[in-house]
Amino acid sequence: MADYQPADSAFALDRDCKTLARHVLEQLHSFGPEAQDLSALMSRIALAGKLVARHLSRAGLMESALGFTGETNVQGEAVKKMDIYANDVFISVFKQSGLVCRLASEEMEKPYYIPENCPVGRYTLLYDPIDGSSNVDINLNVGSIFSIRRQQGDDLDQTGADLLQDGHQQLAAGYILYGPSTILVYSIGKGVHAFVLDPSLGEFILATENIQTPAHGPTYSVNEGNFWQWEDSIRDFTRYVHRHDGYSARYTGALVADFHRILTQGGVFLYPGTTKKPEGKLRLLYETAPLAFLIEQAGGRASTGTEEIMSVVPGEIHQRTPFVVGSKDDVALAESFIQDHSRRQGTLLTNES
Ligand code: P6P
């Protein structure tokens, strides 16, 4: 009897079996305990993405899905019902997992602890459950951003102090982009990979491996409505791209959507400091650091304008940073305006003294 040979259709079947869980184990070339943990963590995140995608797809038909809760979160932002739903989804999918003891989120002032998982669970999920929630009520792109860190120490005072470390402590990072299709993009430090949700299977299936960000791209993405709140350096950069051919402005109001365009097609996204928010609007631990992890894995860069995002050590869980992210040449161009301006200011101060 000849050895069994899978049929030609096996390629299509095998592709449908390239789930996130399998991909993590393939990436690590291991079936060991940590590999199994990461595989299980990513599977739970995928489940959260499916639950949020399902809720978003029917939001217009459900009383409790759209609009505001009437509350204000720790950021001082009005809370959307979808923010709370998604926040609770990520908590629920990790219950009885034995994996995640703590969750830190844009929506919660302090980390949330899942008692049955602590102290067994040695991982912490940091996340923005719905990024760009102002887009929810108008059916435009929103996303979820996540980062996984290993818990260091027992955190007996439940302050999450061990989370106040730089971005190199991240084990994995990624996002889910809810759009015409729902995609999940992640990295465990071995390249950036994109999965597409196949609703007929209820699985995220591998679509693109090893995404690379071009060294330069045509897009600049920034909210020019803040122009008069910016430092002169950012205004000068904006004037430069206005006056030079080959640049197009794209800005959706959802970081994940704007970032995904930059990650895949090149260009630069900026959320600089403003007079109202000198430190910027975006939060380090669950927005800029996870995206910095990804862009560096894809050959791009992420900085505050003067410091690599991945090197920033936060003073508190909800610390914000200015954010310049994208193609390495385009980030360097934006930085050159910022650093030239700092040098000029330094020279002026020296001359005046
Ligand atoms: P602005 C959404 O609130 C968010 O946090 C990001 O998703 C987005 O990039 C940014 O804020 C938009 O802020 O001030 O331009 O409306």
Side-chain angles (χ1 to χ4, degrees), residues 49 52 56 66-69 71-87 90 104-108 126-147 173-179 183 185 219-231 234-235 237-238 249-264 267-292 294-295 302-305 309 314 317-326 331 334:
V52 173
L56 284 165
L66 297 178
F68 293 91
T69 62
E71 303 294 323
T72 302
N73 66 16
V74 63
Q75 320 293 339
E77 296 165 348
V79 178
K80 285 280 181 78
K81 293 174 185 172
M82 193 63 72
D83 287 324
I84 297 305
Y85 174 81
N87 194 66
F90 280 88
S105 149
E106 174 182 303
E107 299 303 331
M108 301 185 290
L126 300 106
Y127 65 117
D128 180 0
I130 290 287
D131 164 73
S133 52
S134 59
N135 284 352
V136 167
D137 293 358
I138 51 171
N139 195 36
L140 291 181
N141 292 104
V142 292
S144 302
I145 306 172
F146 63 86
S147 172
Y175 56 85
I176 301 153
L177 176 57
Y178 310 100
I183 63 170
V185 176
T219 298
Y220 75 98
S221 185
V222 67
N223 181 347
E224 297 198 39
N226 293 329
F227 188 87
W228 295 111
Q229 289 194 53
W230 290 336
E231 293 273 355
I234 303 296
R235 295 182 195 169
F237 169 73
T238 308
R250 294 285 186 276
Y251 193 76
T252 70
L255 171 61
V256 170
D258 292 325
F259 178 85
H260 186 65
R261 185 200 305 276
I262 297 291
L263 175 81
T264 53
V268 62
F269 172 94
L270 306 93
Y271 205 107
T274 63
T275 47
K276 287 178 187 171
K277 293 190 171 81
E279 73 288 358
K281 175 179 183 181
L282 303 177
R283 280 61 51 149
L284 176 67
L285 282 177
Y286 40 80
E287 287 179 319
T288 60
L291 299 184
L294 290 175
I295 202 78
S303 85
T304 63
I309 290 285
I317 281 177
H318 300 293
Q319 175 168 322
R320 301 170 193 262
T321 64
F323 197 36
V324 183
V325 62
V331 170

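Since this is a predicted model, take the numbers as computed values, not measurements. Counting begins at 1 with the first residue of the sequence. Read the numbers this way: they start at 1 and go in the same order the structure lists the ligands and their atoms.
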Original post:
Measuring from E107:CD to D83:CG, what's the distance to the nearest 0.5 Å?
Top reply: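 The CG atom of D83 is 4.0 Å from CD of E107, to the nearest 0.5 Å.
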Original post:
Less than 6.0 Å separating the ring centroids of Y175 and F259?
Top reply: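 Judged by ring-centre distance (under 6.0 Å), Y175 and F259 do meet the cut-off.
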Original post:
Taking the six-membered ring for Trp, are F90 and Y127 ring centroids under 6.0 Å apart?
Top reply: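 That pair passes the under 6.0 Å test.
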Subject >> Residues R283 and E77 bridged, charged N to O under 4.0 Å >> reply: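 Yes, charged N to carboxylate O under 4.0 Å.
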**OP:** Would you check, one step at a time, whether the test side-chain contact (heavy atoms from CB on, under 4.5 Å) holds for F237 with V222?
**Re:** CA-CA 11 Å; F237 169 73; V222 67; over 6 Å; no
For ligand 1, run through the N/O pairs with the protein that fall under 3.5 Å and put one pair on each line.
| unit_1 | atom_1 | unit_2 | atom_2 | d |
| --- | --- | --- | --- | --- |
| ligand 1 | 3 (O) | K281 | NZ | 3.4 |
| ligand 1 | 7 (O) | D131 | OD1 | 2.6 |
| ligand 1 | 7 (O) | D131 | OD2 | 3.2 |
| ligand 1 | 7 (O) | L255 | N | 2.8 |
| ligand 1 | 9 (O) | L255 | N | 3.3 |
| ligand 1 | 11 (O) | K281 | NZ | 3.1 |
| ligand 1 | 13 (O) | K281 | NZ | 3.0 |
| ligand 1 | 14 (O) | Y271 | OH | 2.7 |
| ligand 1 | 15 (O) | N223 | ND2 | 2.9 |
| ligand 1 | 15 (O) | Y251 | OH | 2.5 |

Subject >> Plane angle bin for F269 and Y251 - parallel if under 30°, tilted between 30 and 60°, otherwise perpendicular >> reply: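 Ring orientation, 0 to 90° scale: parallel.
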